[in-house]
S.K.: 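Before I ask anything, here is the structure I am working with.
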Amino acid sequence: MGSEGPSGVTVHVTGFKKFHGVAENPTEKIVRNLQSFMEKRGLPKGLTLGSCTVLETAGQGGLAPLHDLLESAIVDRDYELSDKGQVIMLHFGVNSGTTRFALEKQAVNEATFRCPDELGWKPQRVPIVSSDGSISHTRKTSVPVDEVNKSLREMGYDVAPSDDAGRFVCNYVYYQSLRFAEQHGIKSLFVHFPLFTTINEEVQMSFVASLLGVLASLNWAK
């Protein structure tokens, strides 16, 4: 039974475990605690939190669980299409050198890892998807990043759009997710988070709740 107004939004959230140089990944804790946090706070109207998954910080070796997650998102969407409306894959990763949140507009078809991932892979200038051609090929999100950013800034958060998700696992996962999203008519967005020592956990959890609220309020039928 649908109601008048924007159609519903189902969001699947991912974070990452710790990796070389980052002993505590804030996105692991955020994603593990998000379901209970949002139950207490109250989900935005029209939004379903489809899943919360913590991924291994791995590129090639982490593809199978990532693809399982992406596939399950569209299976759920197809099964309940009449009610669920838009499906969004929302990926969180840490940038230990940043002081603000970053909404990533695009990913690049290049894996150049500055250190091995957690499964020991260290590619250099390798295309993420060889059939996509050059390592300079980009995929852009269809989420209206500037609109989302404006809303979050008006709420007082230190956040900015970004055109560079790096060349490590964050970019690798985002590229795969954007490709899948384009093929299956869903959305994908990657957000980089600072460490908890830079912006504390309470503020970061509130930021995520506000982000979910903004995503739920957008007119996806446009």
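For this chain, numbers begin at 1 and follow the sequence in order.
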S.K.: Does a side-chain heavy-atom distance below 4.5 Å link T141 with E104?
M.R.: no
S.K.: Can you name the residues that form a side-chain contact (heavy atoms from CB on, under 4.5 Å) with T99, not counting sequence neighbours?
M.R.: T198
S.K.: Hey, does L103 have a side-chain heavy atom less than 4.5 Å from the side chain of F190?
M.R.: no
S.K.: Quick check against the 3.5 Å criterion: does E110 have a side-chain atom that pairs as donor or acceptor with the backbone of V126?
M.R.: no
S.K.: Could you tell me which residues satisfy salt bridge (Lys or Arg N to Asp or Glu O under 4.0 Å) with E182, sequence neighbours excluded, listed by chain and number?
M.R.: R139
S.K.: Show the nearest heavy-atom pair for residues R153 and V159, with the distance to one decimal.
M.R.: NH1-O, 2.8 Å
S.K.: Apply side chain to side chain contact (heavy atoms under 4.5 Å, CB included) to residues L212 and L90 and explain how you reach the verdict.
M.R.: CA-CA 9 Å; L212 292 174; L90 185 58; 3.9 Å; yes
S.K.: For the residue pair F196 and I30, establish whether any side-chain heavy-atom pair is separated by less than 4.5 Å.
M.R.: yes
S.K.: Is M89 close to L69 at the side-chain level, that is, under 4.5 Å between some pair of heavy atoms?
M.R.: yes
S.K.: As an exercise, state the distance from OG of S210 to CE of M205, rounded to the nearest 0.5 Å.
M.R.: 11.5 Å
S.K.: Would you name the heavy atoms of I135 and P127 that are closest together and state the gap between them?
M.R.: CG2-N, 3.6 Å
S.K.: Output the distance between atom CD (Q176) and atom CG (L63), rounded to the nearest 0.5 Å.
M.R.: 4.5 Å
S.K.: How close do G50 and T10 get, counting heavy atoms only, and between which atoms?
M.R.: CA-CG2, 3.9 Å
S.K.: Going by ring pair (Phe, Tyr, Trp, His ring centres under 6.0 Å), F207 matches just one of F37, Y157, F92. Which one?
M.R.: Y157
S.K.: Minimum heavy-atom separation for G93 to F16, with atom names?
M.R.: CA-CD1, 4.0 Å
S.K.: When hydrophobic residues are tied together by side-chain contacts of less than 4.5 Å, even through go-betweens, does W121 share a cluster with V129?
M.R.: yes
S.K.: Could you measure the distance from the OG atom of S96 to the CD atom of E24? Nearest 0.5 Å is fine.
M.R.: 12.5 Å
S.K.: Applying side chain to side chain contact (heavy atoms under 4.5 Å, CB included), run through S131 and R179 and close with a yes or a no.
M.R.: CA-CA 12 Å; S131 59; R179 184 170 184 266; 3.7 Å; yes
S.K.: Could you work out, with salt bridge (Lys or Arg N to Asp or Glu O under 4.0 Å) as the rule, every residue matching K18, not counting sequence neighbours?
M.R.: none
S.K.: Looking at every heavy atom in both V94 and T27, which two are closest together, and how far apart are they?
M.R.: N-CG2, 4.0 Å
S.K.: Just so I know, are the side chains of L43 and T48 near enough to count as touching, which here means a heavy-atom distance under 4.5 Å?
M.R.: no
S.K.: In chain order, what residues pass the side-chain contact (heavy atoms from CB on, under 4.5 Å) check against T98, with sequence neighbours excluded?
M.R.: N95, R100, P194
S.K.: What pairs with H91 under ring-ring contact (aromatic ring centres under 6.0 Å, His included), at least two apart in sequence or on another chain?
M.R.: none
S.K.: Distance from Q183 atom CD to L178 atom CG, nearest 0.5 Å?
M.R.: 11.0 Å
S.K.: To check you understand the geometry: which heavy-atom pair defines the closest contact between F101 and F193, and what is its length?
M.R.: CE2-CD2, 3.5 Å
S.K.: Roughly how far apart are S217 OG and L47 CG, rounded to 0.5 Å?
M.R.: 10.0 Å
S.K.: Cluster question for you: counting only ILVMFWY and a side-chain heavy-atom cut-off of under 4.5 Å, with indirect links fine, are V169 and V108 together?
M.R.: no
S.K.: For the side chain of N25 and the backbone of F19, is there at least one donor-acceptor N/O pair under 3.5 Å apart?
M.R.: no
S.K.: Take M155 and V214, measure what side chain to side chain contact (heavy atoms under 4.5 Å, CB included) needs, and give me the verdict at the end.
M.R.: CA-CA 11 Å; M155 294 175 194; V214 172; 3.6 Å; yes
S.K.: Check whether any side-chain heavy atom of L195 sits under 4.5 Å from a side-chain heavy atom of P26, and report yes or no.
M.R.: yes
S.K.: In sequence, state the C-alpha distance, the side-chain angles, and the governing distance for D146 and K105, and then conclude on side chain to side chain contact (heavy atoms under 4.5 Å, CB included).
M.R.: CA-CA 9 Å; D146 291 330; K105 289 186 167 185; 3.2 Å; yes
S.K.: Taking the side chain from W220 and the backbone from L215, do they hold a donor-acceptor pair closer than 3.5 Å?
M.R.: yes
S.K.: Ignoring hydrogens and angles, tell me if any N or O in the side chain of T53 forms a donor-acceptor pair with the backbone of T14 under 3.5 Å.
M.R.: no
S.K.: Could you name each residue pair satisfying salt bridge (charged side-chain N to carboxylate O under 4.0 Å, His left out) that touches residues 187-202, not counting sequence neighbours?
M.R.: K29-E201
S.K.: Using modelled atom types only, decide if a donor and an acceptor are shared between the side chain of N109 and the backbone of I128 within a distance under 3.5 Å.
M.R.: yes
S.K.: Rounded to the nearest 0.5 Å, what's the gap from OG on S142 to CG on L189? Could you check?
M.R.: 9.5 Å
S.K.: What I'd like to find out is whether the side chain of H192 reaches to under 4.5 Å of the side chain of C170, using heavy atoms alone.
M.R.: yes
S.K.: Classify the side-chain pair Y172/D117 by whether it contains a donor and acceptor separated by less than 3.5 Å.
M.R.: no
S.K.: Does any non-hydrogen side-chain atom of D163 lie less than 4.5 Å from one of Q106?
M.R.: yes
S.K.: Does the T57 side chain pair with the main chain of K17, one donor and one acceptor, at a distance under 3.5 Å?
M.R.: yes
